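So the structure is just underneath, and the comments pick up after that.
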Amino acid sequence: MDVLVINGPNLNTLGTREPEIYGSTTLAEIEAGLVAQGAAAGLEVDTFQSNHEGAIIDRLHEARADGTRFIIINPGAFTHTSIAIRDALAAVAVPFCEVHISNVHAREEFRRHSFLSDLAVGVMAGFGPQGYSLAMAYAVQRLSAAGS
Ligand code: CA2
């Protein structure tokens, strides 16, 4: 596995509610676009979504075993609460990009703090669903430079 894309709680309902904040693109559409973007660059992309903190942590542990080279993660609200996901990302030690569809810095105060950002290679926030493809473009360039 080259790139693993993880989405956290409630993101499975993207495109169905609050389009003024999160847009009207569904998660299935985002994931399909990322798989195609990776494939065009010869990369294998896996996608995973869960509403459960432990399931996300289990998938991160699997990433260590399956040779994942880069992770794109939108942890949803766990961004602001989960030391456990932070610890899992630190333990797995796969470089990752944190993505937020909305600009978390222009919203409620509690969304400004992330337990992950200081471990991330970079953070995308506020670019809508395009943030995922910008992160994937970075991953493609990074992994191509590193060689196969
Ligand atoms: O902007 C983002 O991507 C967030 O990670 C989304 C989380 C939020 O808790 C973070 O602060 C920022 C919430 C995801 C909720 O997903 C929805 C999907 C469709 C409609 C409403 C919410």
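One-based numbering, in listed order, for ligands and for the atoms of each. In this text the structure is predicted, and so the values were computed from the model without any measurement.
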Is Ile72 reachable from Val92 through a run of I, L, V, M, F, W or Y residues, each pair having side-chain heavy atoms under 4.5 Å apart? no

Which ligand 1 atoms, with their elements, are less than 4.0 angstrom from a heavy-atom of Ser102? 1 (O), 2 (C), 12 (C)

Give the residue and atom name of whichever protein heavy atom lies nearest to atom 21 (C) of ligand 1, and the separation in Å to one decimal. Glu18 OE2, 3.5 Å

Can you check whether Val99 reaches Phe127 side chain to side chain, under 4.5 Å on heavy atoms? no

Glu53 versus Asn51, side-chain donor and acceptor atoms under 3.5 Å: no

Check this for me: does any side-chain nitrogen of one of Arg59 and Asp66 sit under 4.0 Å from a carboxylate oxygen of the other? yes

Using a plain distance cutoff, I'd like to know if Thr16 has any nitrogen or oxygen under 3.5 Å from a nitrogen or oxygen of ligand 1. no

Contact partition for Asn74 relative to ligand 1, non-hydrogen atoms under 4.0 Å: side chain

What residue and heavy atom of the protein are closest to atom 22 (C) of ligand 1, and at what distance? Tyr22 CE1, 3.4 Å

Side-chain donor-acceptor contact under 3.5 Å, Ser114 with Glu98: yes

Is any side-chain heavy atom of Arg86 closer than 4.5 Å to a side-chain heavy atom of Ser117? no

Of the backbone atoms (N, CA, C, O) and the side-chain heavy atoms from C-beta on, which set of Ile21 has a member under 4.0 Å from an atom of ligand 1: side chain, backbone, both, or neither? neither

Heavy-atom side-chain proximity of Asn7 to Tyr132 below 4.5 angstrom: yes

Looking only at protein heavy atoms, which one is nearest to atom 12 (C) of ligand 1, and how far off is it? Val104 CG1, 3.7 Å

Against ligand 1, does Thr79 come closer than 4.0 Å with any heavy atom? no

Please report which non-hydrogen protein atom sits nearest to atom 15 (C) of ligand 1, along with the residue it belongs to and the distance in Å to one decimal place. Asn10 CB, 3.7 Å

Just wondering, do Leu4 and Phe96 contact through their side chains at under 4.5 Å, heavy atoms? no

Measure from the side-chain N and O atoms of Asp2 to the backbone N and O of Val45, and report whether any donor-acceptor pair falls under 3.5 Å. no

Numbered atoms of ligand 1 (with element) below 4.0 Å of His80, judged on heavy atoms: 10 (C), 11 (O)

Would a single hydrophobic cluster contain both Leu60 and Met1, if residues Ile, Leu, Val, Met, Phe, Trp and Tyr are joined by side-chain heavy-atom contacts under 4.5 Å? no

Among non-hydrogen protein atoms, atom 9 (O) of ligand 1 lies closest to Arg111 NH1, 2.9 Å

Which ligand 1 atoms, with their elements, are less than 4.0 angstrom from a heavy-atom of Ile101? 1 (O), 2 (C), 3 (O)

Thr13 neighbourhood, listing ligand 1 atoms whose heavy-atom distance to it stays under 4.0 Å: 18 (C), 19 (C)

Is it the case that ligand 1 has an N or O less than 3.5 angstrom from some N or O of Pro9? no

Would a 4.5 Å heavy-atom cut-off, applied to side chains only, mark Arg112 and Val104 as touching? no

What's the shortest distance from atom 4 (C) of ligand 1 to any protein heavy atom, and which residue and atom give it? His100 ND1, 3.7 Å

Protein residue, atom and distance nearest to atom 14 (C) of ligand 1, heavy-atom basis: Leu11 CD2, 3.8 Å

How close does the nearest protein non-hydrogen atom get to atom 20 (C) of ligand 1, and which residue and atom is it? Arg17 O, 3.1 Å

